[in-house]
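Note that the numbering runs from 1 along the sequence shown for the chain. On a predicted model such as this, the values are computed, not experimentally measured, just so you know.
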Amino acid sequence: QVQLVESGGGLVQAGGSLRLSCAASGRTFGTYAMGWFRQAPGKEREFVAAISRNGGSTYYADSVKGRFTISRDIAKATVYLQMNSLKAEDTDVYYCAASGISGEAALILTSFRFYNYWGQGTQVTVSS
């Protein structure tokens, strides 16, 4: 069992920045690779970024490369998503997720199907 709580969402103007946080509790945080996904009404859940258990490997969707950075603090059991140069199309509900799957290749960590636990989401709205 692991519980995830996202925070840090809000309303920003295009070109601005936000940092999302995801605090984990329950099972040992270091056991899980972590990911961020986003979803708009009527659309599929979209991969944003992922990070391996020890933080040594990261993956990003093409749409956010160069603008977003994922990181984790194992001691604080928290994963972060730093979002810079935000665009209107980044507007979505952002979800934190944890994967207990042993594999950490991009094929696994970029798919929502391989994540076991999810937070409730935090709204990010970017105005033009």
Side-chain angles (χ1 to χ4, degrees):
Q1 292 290 319
V2 61
Q3 294 79 46
L4 305 174
V5 180
E6 303 97 334
S7 63
L11 174 65
V12 298
Q13 294 185 346
S17 298
L18 283 174
R19 189 179 76 162
L20 305 184
S21 297
C22 175
S25 62
R27 300 290 296 275
T28 302
F29 181 62
T31 302
Y32 302 92
M34 302 294 295
W36 286 97
F37 293 78
R38 63 189 183 187
Q39 187 171 28
K43 294 189 175 182
E44 295 183 343
R45 187 159 295 189
E46 177 188 11
F47 168 75
V48 177
I51 188 166
S52 61
R53 292 166 178 80
N54 64 2
S57 299
T58 57
Y59 303 93
Y60 297 94
D62 289 341
S63 60
V64 306
K65 285 181 179 177
R67 300 189 298 120
F68 291 10
T69 302
I70 188 171
S71 62
R72 68 189 298 164
D73 187 328
I74 296 176
K76 294 182 178 180
T78 302
V79 62
Y80 305 94
L81 184 67
Q82 178 66 47
M83 305 186 294
N84 298 326
S85 302
L86 284 163
K87 305 175 181 179
E89 51 262 44
D90 295 318
T91 295
D92 263 320
V93 176
Y94 284 70
Y95 297 90
C96 175
S99 175
I101 303 297
S102 60
E104 295 188 323
L107 182 66
I108 294 174
L109 296 185
T110 58
S111 174
F112 71 88
R113 296 181 62 187
F114 298 104
Y115 286 80
N116 308 98
Y117 304 99
W118 296 85
Q120 294 298 307
T122 185
Q123 177 70 50
V124 172
T125 302
V126 184
S127 61
S128 300

### Message
Under the criterion side-chain contact (heavy atoms from CB on, under 4.5 Å), I'd like the reasoning laid out for S63 against E89: C-alpha separation, chi angles, the key distance, then a yes or no.
### Response
CA-CA 10 Å; S63 60; E89 51 262 44; over 6 Å; no

### Query
Would you find a donor on one side and an acceptor on the other, under 3.5 Å apart, between the side chain of D73 and the backbone of A75?
yes

### Task
Taking all non-hydrogen atoms of both residues into account, name the closest pair between E104 and A33 and its distance.
OE2-CB, 3.8 Å

### Message
Tell me if a side-chain donor or acceptor on Q120 pairs with a main-chain N or O of E6 at a distance below 3.5 Å.
### Response
no

### Side-chain donor/acceptor of N84 to backbone N/O of S17, under 3.5 Å
no

### Message
Tell me whether Y80 shares a hydrophobic cluster with L18, the cluster being built from Ile, Leu, Val, Met, Phe, Trp, Tyr side chains joined at under 4.5 Å.
### Response
no

#### Entry: Partner residues of T69 under the side-chain contact (heavy atoms from CB on, under 4.5 Å) criterion, sequence neighbours left out
Y60, Q82

### Task
Kindly compute the distance separating CD (Q39) from CD (E44), expressed to the nearest 0.5 Å.
9.0 Å

### Query
Does T58 reach the main-chain N or O of I51 with its side chain, forming a donor-acceptor pair under 3.5 Å?
no

### Query
Are any non-hydrogen side-chain atoms of L4 and M34 less than 4.5 angstrom apart?
yes

### Whether over 12 other heavy atoms sit under 6.0 Å from Q123 CD
yes

### Message
Would you compute the distance between atom CG of L20 and atom OG1 of T78 and round it to the nearest 0.5 angstrom?
### Response
12.5 Å

### Task
Using modelled atom types only, decide if a donor and an acceptor are shared between the side chain of S57 and the backbone of S52 within a distance under 3.5 Å.
no

### Query
Hey, is R67 close enough to D90 for a salt bridge, meaning N to O under 4.0 Å?
yes

### Query
Using 30° and 60° as the class limits, which term best fits the ring planes of Y117 and Y32: parallel, tilted or perpendicular?
perpendicular

### Message
For T122 versus G9, what's the shortest heavy-atom pair and its separation?
### Response
OG1-N, 3.3 Å

### ILVMFWY clustering at 4.5 Å (side-chain atoms), partners of Y95
F37, F47, Y59, V93, I101, I108, L109, F112, F114, Y115, W118

### Query
Within a radius of less than 6.0 Å around CD of Q13, do more than 12 heavy atoms belonging to other residues, nucleotides or ligands occur?
no

### Message
Membership question, hydrophobic clusters at under 4.5 Å side-chain separation (ILVMFWY): are V124 and V64 in the same one?
### Response
yes

### Query
Do side-chain atoms of N116 reach the backbone of G100 as a donor and acceptor pair under 3.5 angstrom?
yes

### From Y94 atom OH to L81 atom CG, the distance as rounded to the nearest 0.5 Å
7.5 Å

